Amino acid sequence: MMFQGEEVKKDFPILNQVVNDEPLIYLDSAATSQKPTAVLTAIETYYKTSNANVHRGVHTLAERATSQYEAARETVRAFIHAKETAEVLFTRGATTSLNWVAKSYGEANVHEGDEIVISYMEHHSNIVPWQQLAKKNKAILKYIELTKDGQLDLTSAKEQITTKTKIVALTHVSNVLGSVNPIAELTQLAHSVGAVMVVDGAQAVPHMAVDVVELGVDFYAFSGHKMLGPTGIGILYGKRALLEVMEPVEYGGEMIDFVYDQDSTWTELPWKFEAGTPNIAGAIGLAASIDYLNQLGMENIHAHETALVTYLLPKLRAIPGLVVYGPTDDASRTGVITFNVDELHPHDLATALDMQGIAVRAGHHCTQPLMRQLGASSTARASVYVYNTKADCDSLVEAILATKEFFNYGLN
Amino acid sequence: MALTRLDQLYRQVILDHSSHPHHHGTLEEATNQVEMNNPTCGDVIELQLNLTDNRIEAIRFSGSGCTISTASASMMTDVVLGKTPKEALALVDQFSLLVQGKEPENLDDLGDAAILSGVAKFPARIRCATLAWKGLEKALATPDETKTNEKE
């Protein structure tokens, strides 16, 4: 059953506050989401009742911590429909996940003259690791072009992905344009030339049902903090056959099988990659956030966000001088809206909105190559999530109008 | 509160400088120049100056920026023109104190830039205000063309 943003908002204590003497309206969930009481309670309860190191002790708390940590892994597995928990690695976040793939799989499999294909809509975290890998191994980094309305150009994808391509790394959902890429189709394309498909799902998993097996991807990365979970926890999904032959990126406790004087052997998946004491509370918090999302229902969440953006976009476009970037088919977009207003600099706009209690992002959104494609040095971005309402959208529109008024005539 | 507090940040004189910046453009020949990049917003300011007889004889800036960074650059060029590098660097220090909410010794020396004291109440915007001033510092330190990033 569909939920109401007004009701959901009550589960998020942080949203019930006043900033700059105005009620807070949080429209920056694409940067990080807020956390419901259920997640905060799960973390607090863990520290109050079960805190211990995992996979080490034989005492009761150690057993509790271990079973909760591994139960969290199973919760994640079920959420993304992976075949087995051994394919679900806990990381620090999507950035770490992507770096691991570049460092481990990439350095071993990409050689001089090979190609790595990414696109112009990638976040820096899905550009820089590949750029550095290409530099190190003398490979070639290629970019898939975008269409005029900010979608991945599939003709360009077919041109860029060749028999020399070893890795295709693409975002599932753009953090700027709100466009959704056809990952299943692109994965087939990558596989047809023998390349592996790496997907940055940081902006997808929080907002839509994701099935990694159905998509066919080889690696899939996402972050807990964008999906109502805590910061410092993320996931790297990888196909078992690939993870089995990959070298760990970090070495230390927990990941070893046996340590000799001069060499060591690694333990089995998934722990082979998880050196050191992991973010146990983070994993438990992430599982609680997934439980919360499942209660709302991913289909309902997607429908809720579509309802909000199809309500908000026409109102924004009606503001004189306001330009919205990205796909023109509003119903195909996610809850991310990037825009500019006339000559108003996004930083000035964001400060003015903050004075009216509204949190938006301003800047290049960690996508400098995309900003160059859009011909903008920076933009403003409003992003909605489960706790946003049509009233929030109305407030944003009113606040932008008031800001325009202020900068045009407002100073006395 | 709405937008009333914004007046502290965006006084009319700031908006005047931002919409009609002084010394905006490029010099045909420059003895010192830098490109300053604010990586959080992508703003880039290029600053050029001509040092003759140990004085800033000409100064120009160009590039894109928000109201605060453009106005601050404009005010900076006004106040350092004709100064020696030593005098100009002293003003950079004074301005840095000002936007941190501290009381500079010689507020009047900063000219119109003194009005940017309101920025201190908006910590997220301090770097917008200081970009051009840091550029001046870099330009005076490095006569050759350099490209520098203002790091996080």
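Protein chains get the first letters and strands the later ones, always in sequence-line order, with residue 1 at the start of each. These numbers were taken from a predicted model, which means no experiment stands behind them. In what follows, every heavy atom counts, from backbone to side chain, and hydrogens, waters and symmetry copies are set aside.
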Closest approach of A:Y387 to A:S29 (non-hydrogen atoms, all atoms of both residues):
OH-OG, 2.6 Å
Between A:N388 and A:D392, is a side-chain contact (heavy atoms from CB on, under 4.5 Å) present by the stated rule, with each step listed?
CA-CA 6 Å; A:N388 290 117; A:D392 293 345; 3.0 Å; yes
If the condition is side chain to side chain contact (heavy atoms under 4.5 Å, CB included), which residues does B:H24 pass it with, not counting sequence neighbours?
B:P21, B:F61
Side-chain (B:D43) to main-chain (B:N37) donor-acceptor, under 3.5 angstrom
no
Looking at A:I144 and A:D153, what are the two nearest heavy atoms and their distance?
CG2-O, 3.6 Å
Members of residues 66-85 of chain B whose heavy atoms come closer than 4.5 Å to chain A
B:C66, B:T67, B:I68
Might you work through the side chain to side chain donor-acceptor pair (under 3.5 Å) test for A:T403 and A:Q356, ending with a clear yes or no?
CA-CA 9 Å; A:T403 305; A:Q356 299 169 86; 3.2 Å; yes
Assess whether atom CG of A:N16 is packed by more than 12 heavy atoms of other residues, nucleotides or ligands within 6.0 Å.
no
Before giving the answer on ring-ring contact (aromatic ring centres under 6.0 Å, His included), spell out for B:Y10 and A:F407 the whole-Å C-alpha distance, their side-chain angles and the decisive distance to 0.1 Å.
CA-CA 9 Å; B:Y10 298 99; A:F407 278 97; 4.7 Å; yes
Can we say B:R60 and B:E46 salt-bridge, meaning some charged N sits less than 4.0 Å from an Asp/Glu carboxylate O?
no
Which value, rounded to the nearest 0.5 Å, describes the distance between A:S119 atom OG and A:E145 atom CD?
10.0 Å
Non-hydrogen contacts under 4.5 angstrom with chain B: give the residues of residues 358-369 of chain A involved, or none if there are none.
A:A362, A:G363, A:H364, A:Q368
Determine the minimum heavy-atom distance between A:L146 and A:Y120, stating which atoms define it.
CG-CB, 3.9 Å
Mind running side-chain contact (heavy atoms from CB on, under 4.5 Å) on A:R381 and A:D28 for me, showing each step along the way?
CA-CA 8 Å; A:R381 179 184 72 187; A:D28 196 20; 3.7 Å; yes
Residues from residues 107-126 of chain B approaching chain A under 4.5 Å (heavy atoms)
B:F122, B:R125
Can you confirm if the NZ or CZ of A:K390 lies within 45° of the ring axis of A:Y311 and under 6.0 Å from the centre of its six-membered ring?
yes
